[in-house]
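Order of the sequence lines fixes the chain letters, A, B, ..., with proteins taken first and strands second; residue numbering starts at 1 for each chain.
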Amino acid sequence: MSVITIENLVKRRGSADILTGVGFQARPGRVTGFLGPNGAGKSSTLRILLGLDRATSGTALIGSVPFVRLPDPLRTVGAMLDGSGAHRARTGRAHLRWVARSAGLPRARVDEVLEVVGLTNAASKRVGGYSLGMGRRLGLAAALLGDPETLVLDEPVNGLDPEGIRWMRTFLRERAASGRTVLLSSHLMGELAETVDDVVIINRGRVVADGTLEEITGSHRTLEDAYFALTTGGAR
Amino acid sequence: MRVLAAEASKLVSLPSAWIAMAAGVLVPSVIAAITASSALDAISRGAKTAAGVDTGYQELAFGVVGVIVLGVVGVSSEYFTESAESGGGRQITTSLTAVPSRLRLLLAKMSAIAVVSALLAIVAAAATMGAVRVALGEHAPALGAEDIARLAGVVCYWVYTALLACGVTVLTRHGVVPLALLITNTSVVSVTYLLTKITTLANYLPDMAGVRMFIPKLGGDSVEMSPLTGGLVMTAWVTALLPIAAIAFTRRDA
Amino acid sequence: MTTVPAPPVRTRGREAAQALTAELSKLVSLPATWLTAGGALAVNLILTIAFTAAGLRGSTGTKSALDVGLASIGYAQAGFVVLGVLAACSEYTGGQIRTTLTAMPRRALQFTAKQLAVAIVVLPAAAITAASGVMLTAGALGDTATPVTSGHVAGTLSGVTAYLVLTTSISVAVGVLVRQTLAAVVVLLGYLFVAGPLLRDHAAAAKYLPDSAGSAMWFPVAGNSDAVTPAHGALLLTAWTVVLIAVALLGYRRRDM
């Protein structure tokens, strides 16, 4: 049910081709890693998936429905995008409260997710005073409010300290193990190799490799070697 | 000198600065042309004998909104926080690491704003007076020696107003409140003008005093102030505010 | 642990109500909302004192507590304009717009909820601002004030409140269109205080512009058969508001965020 299906996504902005036929799937029970250099189109793909940007053509579905038609988006898909996603003048708790209200979630849920991400002590402080890591954790908290089946995360460990990175890795693996779908994008090879089951590599707006971690690493020593071979070795 | 050049190039590379400058020139000249042609109408109908002595100068008083935006944006752009995807940074950190002496940075910035405002005032004055001459034709009041002094007053008023806007924005570190207050006050019947109806002390507020540099006789029963006095009062306001802004800027966290 | 109860499929009605409470929660938890509303009230009271002092000395044309008490609204409206702009443009700080649109992906509904939330918050604020000014003036002028019927007072105060609510709605729409706080503030206040008055002086058609028509709702120009009546003013301002909201919404729905 909660398979993410992306098919033939094309996005053109003016004369620039941002995406030229991106397609892959993210299945439940597995962590899918979306890997690529800066400017490859990872964020664009995720933004189109979440209804923030419009594709020129192609489809991006959650289950069998585009994100903007989900009756209850917050309880179906949790999205963790750039930064904290919160206005700097509000407190962390006030931010989560309005998000919870938009889905009719009980107030107690806000305190629960704050506990899960470890922000209970900072919840009454203004987001403007949060460190980079705290802001990211707030973003994750918002994604977890509705206890969704699917998680979409754009560079989740960006800004986290080593303890946070390990925590995130364990957390995401647990979620996948419980049957949920996790799609994350990254450009940190080493970390990704510890976390994911499936890998999709994107370069210059198209998918250059798609398979399990073992398949992609193949005969290379590490995922990093495989990645460079695929993205710089003229793999078209 | 290099710092001044850097600040000037920063200022003119802001799109909002160009819009402000365009407004500063267009608003007074276009409105003056309209007013002048309706005055011409009235003269040819016999309702008036000559265009008012303040033709063109009234409009240059509102054109100051352009330099207000310039002065505010020149400072607020330093404090604007970039989005998180671009790193959440602010230009002030770059500026302060490039020019470690805060006082020098602030002086350069204010000088750049003053110079650009002065140039803008000269262009706007020329455009406005030109528009008036074109619209009124033979009925245009002759440009004499007093006009040179009045136009100098216009330039001075515009530069001082830009510096005051700049100084206030240094104190608030964002542009919304200074812009809201200053633009509201630029209206035809400004808040400060209303206050002069209550107490004659309000005539010593910077804009009320400053406008006397080129419009010595405001309508109604307002206090008469010579252009020189007006200029001195406005100078006093500027010399009071700018050091306060400088102290705040050099002492506090960026 | 509170289990998140699996609810039945959410109806559109439910969704709309939840969007409204979310937007209200956002507005109320933003310090700028209170600061701008409070600022408008404070400015209004200060200027009312000024106008009343002038009224006591007889230098205003009228002695009606209503007219003198409301003369300052023209300036205090700047506070409401800034409130509307900030309600719209604060979404673009910290990437909050993405949180908003992933929680509430149906943009027309979310935008409408935001407009409604702003109206709900501004209505009492505007009413209090207007009424407090008038009461202050009435108290100060005392017996010297021209008597007015309570019906007239109620009608005028409703007119001012409606004017302020619609003006704030226009500011939200402009904020959504322009997405930059400073630009929206400059455009709106520049129009209200510089361009608008100048246009009114020179073009007869300017009386149909939103602020001119709107001010007829509470400051009708007396004795001029050409002037806009309060009822027409209300219709015109409402029409302008609807058009600007529609234009803003069209851009908002299609745009990449």
At a heavy-atom separation under 4.5 Å, does C:Leu189 approach chain B through its side chain, its backbone, both, or neither?
both
Supply the atom-to-atom distance C:Tyr75 OH to B:Thr184 OG1, rounded to the nearest 0.5 angstrom.
9.5 Å
Answer with side chain, backbone, both or neither: which region of C:Val186 has an atom nearer than 4.5 Å to a non-hydrogen atom of chain B?
both
Tell me, side chain or backbone of B:Val69 under 4.5 Å from chain C's heavy atoms, or both, or neither?
side chain
Does B:Glu78 have any side chain to side chain contact (heavy atoms under 4.5 Å, CB included) partners at least two apart in sequence or in another chain, and if so, which?
B:Glu7, B:Lys10, B:Gln91, B:Ile92, B:Ser95, B:Lys109
Review item, side-chain donor-acceptor pairs of residues 164-177 of chain C, under 3.5 Å, at least two apart:
from: C:Thr167; atom 1: OG1; to: C:Tyr163; atom 2: O; distance (Å): 2.7
from: C:Thr168; atom 1: OG1; to: C:Leu164; atom 2: O; distance (Å): 2.7
from: C:Ser169; atom 1: OG; to: C:Val165; atom 2: O; distance (Å): 3.0
from: C:Ser171; atom 1: OG; to: C:Thr167; atom 2: O; distance (Å): 2.9

Which portion of B:Leu195 sits near chain C, non-hydrogen atoms under 4.5 angstrom
side chain
What are the two closest heavy atoms between B:Ser76 and C:Leu182, and how far apart are they?
OG-CD1, 3.4 Å
Give the minimum heavy-atom separation between C:Gly190 and B:Ile183, together with the two atoms involved.
N-CG2, 3.7 Å
Just wondering, more than 12 heavy atoms not from C:Tyr208 lying within 6.0 Å of its OH?
no
Side chain, backbone, both or neither: which part of B:Ser16 has an atom under 4.5 Å from a heavy atom of chain C?
neither
Should the heavy atoms of other residues, nucleotides or ligands under 6.0 Å from CZ of C:Arg255 be counted, would the total exceed 12?
yes
Contacting moiety of B:Val73, where chain C heavy atoms sit under 4.5 Å:
side chain
Name the region of B:Thr35, side chain, backbone, both or neither, that has any atom closer than 4.5 Å to a heavy atom of chain C.
both
